[in-house]
Amino acid sequence: MSGNEQSFIKEAFDTNWVVPLGPNVNGFEADLKEFVTASIDELETKEIVALSAGTAAVHLALIACGVNPGDEVIVQSFTFCASSHPITYLGAKPVFVDSEMDTWNMDPDLLEVAIKDRIEKTGKKPKAIVPVYLYGMPAKINEIIAIAEKYDIPVIEDAAEGFGSKYNGQMCGTFGKYGVLSFNGNKMITTSGGGALITSSAEDKKEIMFYATQARESYPYYQHEKIGYNYRMSNICAGIGRGQMTVVNDHISHHKHIQKMYEELLADIKGVTIHSQPSTGEYDSNYWLCTITLDPALRVNGQENAYKSAVQGAVGGAAGVTHEAKELHTDCEPNANVEAMRIFLDTKGIESRPLWKPMHKQPVYADADAYVNGVSESLFKVGMCLPSGPCVTDDDVCYIVECIKEAILAG
Ligand SMILES: *Cc1c(COP(=O)(O)O)cnc(C)c1O
């Protein structure tokens, strides 16, 4: 943490605002509004609510879209579970839609197929559409919005990974009725833990705040007519956020720089492909995480032993809070050469990870309806995420690429 964060936090203590509201929360929301609406006049009405997590933002956006038990919500399958889990919190059903190859995000054509089919099968429209900006990559959001408007279904953009990414010069998260941001420890900026919801009007913001603070009616005593949540961001976390906003552009530039280095250094390694944004001009990814795919024919040191022993803990720093794995394999897992590359890099002190496992392949969603084209499943089998954060130096990138080369067997 730098002096910027510390001064905002100190001020919170000095002025006795150690609560889930206060000057830092208001200041952080103002900073965020300025950042996401930057110089686009039509976005003036957008308002931000700072929350305790990105997951909370998804949850509250769904409530604001009127999602009730038994309703359906369309969500990108290729994502982290926080995009879809809140749908189930509400007793509603996620309907998963697969990705297209260009951006790895929601396939607009398949989205329309899904909407039509749900209407035909259930007689009801899905209550919301949740596209995701996977690894920061802008989705084909104009096409998605056009389809959503055609069927008059609200869009909740999950921009948790796409903070600062733009499509046609407009910030991801500002296209739909709601936009989700996350400030978890590993995201583009962090408040230690936290999130925000971009709303389309002051009125929507008020409604989100109402549900984020236990749904209190205005009486001199606690009067409750709705179920609310304790989801507001604390003034301390918001102080960290204000400090982080002073360096957000540096963070984004750094991620883009690391991506560019990987692109150059990996260019002539046969069988290794870096995932880059389409070159058609609309896309401006923040490159939150740099990702590669390995040709199934690529032979990697140790691949005959991949999956022979169980990993301890789980990905995401969750060791100690995971269940022990029952089997060494599941019915959908990265190829042996990908797992061997992960292990090889690990022995070199480099942490890499598989891509998100598609939600329609997760046992917990075995009963959910899914509209699939094979894209996310095939990418999951060949892909991996490379170190990309603010602490990764140029030398680190060179070392990582050298280790990738070293892992590859000739022939
Ligand atoms: C991180 C993340 C979230 C949730 O954010 P938290 O702040 O961790 O609750 C939601 N969606 C996606 C795609 C994410 O990567």
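Every number for a ligand or one of its atoms is a count from 1 in the order of the listing.
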query: Are any of the N or O atoms of W356 closer than 3.5 Å to those of ligand 1?
result: no

For T55, the atoms of ligand 1 under 4.0 Å from one of its heavy atoms are 4 (C), 5 (O), 6 (P), 9 (O)

Quick note on ligand 1: atoms under 4.0 Å from a heavy atom of A82 include exactly 3 (C), 4 (C), 10 (C)

Please tell me whether K46 and S200 have a donor and an acceptor in their side chains that are separated by less than 3.5 angstrom. yes

Mind checking whether T79 has an N or O less than 3.5 Å away from an N or O of ligand 1? no

request  = Would you please indicate if the ring centroids of Y371 and F96 are separated by under 6.0 Å?
outcome  = no

Salt bridge (charged side-chain N to carboxylate O under 4.0 Å, His left out) test vs D369 passes for just one of K121, R118, K93, namely R118

> Does the gap between the ring centers of F28 and F183 come in under 6.0 Å?
Replying inline: yes

Ligand 1 atoms nearer than 4.0 angstrom to some heavy atom of A160 are 2 (C), 3 (C), 10 (C), 11 (N), 12 (C), 14 (C)

Within less than 4.0 angstrom of ligand 1, does S83 place any heavy atom? yes

Does K256 come within less than 4.0 Å of D284, counting only side-chain N to carboxylate O?
-> yes

One finds that the ligand 1 atoms under 4.0 Å from a non-hydrogen atom of S182 are 1 (C), 5 (O), 6 (P), 7 (O), 8 (O)

* Asked: Out of curiosity, is G194 lining ligand 1, as in a heavy atom under 4.0 Å away?
  -> yes

Restricting to heavy atoms, the pick from Q76, E161, K187 nearest atom 13 (C) of ligand 1 would be E161

Check this for me, if you would: do R342 and E339 make a salt bridge, where the nitrogen-to-carboxylate-oxygen distance has to be below 4.0 angstrom? yes

shortest atom 8 (O) of ligand 1-to-protein heavy-atom contact is with N184 ND2, 3.0 Å

**Prompt:** Could E263 and K260 be called an ion pair, given the rule that one side-chain N must be under 4.0 Å from one carboxylate O?
**Reply:** no

closest protein heavy atom to atom 11 (N) of ligand 1 is D158 OD2, 2.7 Å

Shortest non-hydrogen pair, H275 vs T103, comes out as NE2-O, 3.8 Å

Honestly, for A53 the part within reach of ligand 1 (heavy atoms, under 4.0 Å) is both

